[in-house]
Amino acid sequence: MTQGEAPPRAPRSRPTMREVAALAGVAIKTVSRVFNGVPTVDPAIVTRVREAADQLGYRPNLTASSLRRGDGRTATIGMLVEDAANPFSAALTRTVENVARGRGVLVLVGSLDEDPARERELAQALVDRRVDGLVIVPAGRDQSYLISEQRSGTRMVFVDREAGLLDADAVVSDNRRGAVTAVDHLLRSGHRRIAYLGDNASIPTAAQRCDGYRHALEVAHIPYDDAIVRHVGSSERAAIAATEQLLALPDPPTALFTSQNLVTIGVLRALRALGLQDTVAQVGFDDFPLADILNPGISVIAQDVEQMGTTAAEMLFRRLDGDDSPSATATVPTRLIERGSGEIAPGGPRHD
């Protein structure tokens with residue numbers, strides 16, 4: 001500290017319930033009843049207490065009050081997604097948050113980056129903070145580490161992928177049927193050389209979409225060719241490189257089924273860099289922002305993310321309200337959105 005400089009101010013302690021009670025001229029117990037929402041408190045007293053709290057800048061300690069309540073609830077739930085920055089994860093989180101907000105519940109969110117160890121670490125951190133429930137898009141295939149927490153009363157719902165080695169509610173998209181629809185659409189446009197680019201095959205949703213791809217080809221009596229199948233993770237850069245490799249083959253694909261939104265974006269960048277966006281057909285799995293205003297627009301198999309998030313949140317709150325029926329899995333249908341890229345015929349745009 002230089003000469004003449006004022007010493008740093010010590011942090012001001014938080015206002016207490018006792019100070020609010022003194023300013024409002026009521027008992028501490030009355031202040032507690034006001035902030036716990038007890039309906040029998042006189043409205044005039046409620047107003048006086050809240051005005052005193054606002055004047056002092058007092059905020060109730062929700063963690064402490066939850067410990068004093070008989071049900072031990074904290075009015076918080078935890079949510080773990082693949083990547084909060086991913087459009088799918090962001091839309092899912094917002095929908096769950098909207099439902100929770102209507103219940104006066106706060107959502108704590110973490111990103112897993114497809115890392116099972118991080119999933120376990122963050123799930124345990126949320127449980128340690130006494131969240132009332134969990135909504136999880138699992139990264140790993142084994143959620144048995146949550147069995148003891150489930151038995152202790154922590155409610156949980158899994159989204160996009162079912163839990164492994166754990167009996168729990170889940171909400172999933174019809175991934176296999178959606179992939180079949182995508183490939184069938186390209187087949188109807190006349191394509192017979194259809195490549196697959198998707199996330200890591202170890203991820204259940206990716207495996208289901210690849211299985212749908214193979215099934216559609218089998219029904220159409222088109223042999224599966226491993227040379228035009230790429231599992232590139234959720235990396236745009238890897239998707240770009242894979243697309244360049246596929247289109248440099250002696251017998252390149254005329255159409256691409258891209259089974260994850262970031263993969264779709266990477267493939268789209270590669271096609272545009274090569275000047276082939278009007279020549280090579282593309283159908284992606286998962287919608288994404290601006291897909292409808294590109295030229296051509298990107299045809300996609302759209303998941304009903306809003307329905308998935310709403311269903312998951314409602315499932316969780318039913319459990320928190322006492323529903324002890326057997327666990328269930330809700331499957332949400334997908335739909336094809338035709339925008340142009342999936343309707344390109346082999347050799348270029350179709351002129352009807």
Side-chain angles (χ1 to χ4, degrees), residues 87 175 178-201 206 209-302 334-352:
N175 291 291
V180 169
T181 299
V183 178
D184 282 348
H185 186 65
L186 292 168
L187 290 167
R188 285 195 300 272
S189 293
H191 297 279
R192 293 297 179 268
R193 187 76 170 155
I194 303 171
Y196 171 92
L197 296 95
D199 211 332
N200 296 324
R209 294 169 192 175
C210 190
D211 183 60
Y213 162 80
R214 298 186 67 156
H215 177 74
L217 294 179
E218 182 181 350
V219 171
H221 304 291
I222 296 175
Y224 172 83
D225 185 356
D226 197 55
I228 56 172
V229 172
R230 297 288 189 277
H231 302 283
V232 297
S234 56
S235 164
E236 286 187 34
R237 181 175 297 179
I240 291 171
T243 304
E244 292 170 346
Q245 293 166 7
L246 287 169
L247 296 178
L249 291 172
D251 183 15
T254 62
L256 309 171
F257 169 47
T258 52
S259 80
Q260 198 259 12
N261 58 3
L262 296 181
V263 173
T264 297
I265 293 169
V267 169
L268 172 62
R269 291 185 187 279
L271 290 177
R272 289 183 173 272
L274 295 168
L276 295 175
Q277 70 272 16
D278 294 316
T279 303
V280 178
Q282 179 184 10
V283 176
F285 202 114
D286 280 345
D287 207 355
F288 60 93
L290 306 182
D292 57 331
I293 67 172
L294 297 170
N295 185 22
I298 307 304
S299 300
V300 297
I301 299 296
T334 59
R335 65 188 178 97
L336 171 67
I337 302 177
E338 300 180 23
R339 293 189 177 125
S341 71
E343 293 68 59
I344 298 172
R350 180 166 47 206
H351 301 288
D352 296 327

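Numbering starts at 1 and runs along the sequence shown. Heavy atoms only: backbone and side chains are in, while hydrogens, waters and symmetry mates are out.
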### Query
Is there a side-chain contact between Pro296 and Gln277 (heavy atoms, below 4.5 Å)?
yes

### Task
Could I get the full list of side chain to side chain donor-acceptor pair (under 3.5 Å) partners for Asp199, not counting sequence neighbours?
none

### Message
Whether the Thr264 and Gln282 side chains hold a donor-acceptor pair (N or O, under 3.5 Å, no angle test) is what I'd like checked.
### Response
no

### Message
Can you give me the closest heavy-atom contact between Arg272 and Asn295, atom names plus distance?
### Response
NH2-O, 2.8 Å

### Message
Holding to salt bridge (Lys or Arg N to Asp or Glu O under 4.0 Å), I want the full list of residues that pass it with Asp292, two or more places apart in sequence or in another chain.
### Response
none

### Task
Please report the shortest heavy-atom distance between Leu290 and Leu294, naming the atom on each side.
O-CG, 3.4 Å

### Query
Side chains of Pro289 and Pro87: closer than 4.5 Å at any heavy-atom pair?
yes

Just list the side-chain donor-acceptor pairs under 3.5 Å for residues 223-231, sequence neighbours left out, or say none.
| unit_1 | atom_1 | unit_2 | atom_2 | d |
| --- | --- | --- | --- | --- |
| Tyr224 | OH | Asp226 | OD1 | 3.3 |
| Asp225 | OD1 | Ala227 | N | 2.9 |
| Asp225 | OD2 | Arg193 | NH1 | 2.7 |
| Asp225 | OD2 | Arg193 | NH2 | 3.4 |
| Arg230 | NH1 | Ala227 | O | 2.9 |

### Query
Do you know the tightest heavy-atom contact between Pro346 and Ser189?
CD-O, 3.3 Å

## Note on the structure
d(Thr279 OG1, Ile344 CD1) to nearest 0.5 Å is 7.0 Å

### Message
To the nearest 0.5 Å, what is the distance between CG on Leu186 and CD1 on Ile194?
### Response
5.0 Å

### Leu271 side, atom CG; Asp278 side, atom CG - distance, nearest 0.5 Å
10.0 Å

### Task
Could you tell me which non-hydrogen atom of Ser299 sits nearest to which non-hydrogen atom of Gly342, and how far apart they are?
OG-N, 3.0 Å

### Task
Drop me the distance from Arg209's CZ to Ile301's CD1, to the nearest 0.5 angstrom.
10.5 Å

### Query
Closest heavy-atom contact between Leu187 and Arg192?
O-NH1, 3.2 Å

Under 3.5 Å, side-chain donor or acceptor atoms of residues 214-222 against the rest of the protein: list the pairs with distances, not counting sequence neighbours.
| unit_1 | atom_1 | unit_2 | atom_2 | d |
| --- | --- | --- | --- | --- |
| His215 | ND1 | Arg176 | NH2 | 3.4 |

### Query
Just wondering, more than 12 heavy atoms not from Arg335 lying within 6.0 Å of its CZ?
no

### Message
Can you give me the closest heavy-atom contact between Val183 and Phe257, atom names plus distance?
### Response
CG2-CD2, 4.2 Å

### Task
Find the distance between OH (Tyr196) and OG1 (Thr258) and round it off to the nearest 0.5 Å.
9.5 Å

### Query
Who are the salt bridge (Lys or Arg N to Asp or Glu O under 4.0 Å) partners of Asp184, not counting sequence neighbours?
none

Extract all donor-acceptor atom pairs below 3.5 Å that involve side chains of residues 236-252 and protein atoms in other chains or at least two apart in sequence.
| unit_1 | atom_1 | unit_2 | atom_2 | d |
| --- | --- | --- | --- | --- |
| Glu236 | OE1 | Arg269 | NE | 2.9 |
| Thr243 | OG1 | Ala239 | O | 2.7 |

### Query
What distance separates Ile265 CD1 from Asp286 CG, expressed to the nearest 0.5 Å?
9.5 Å

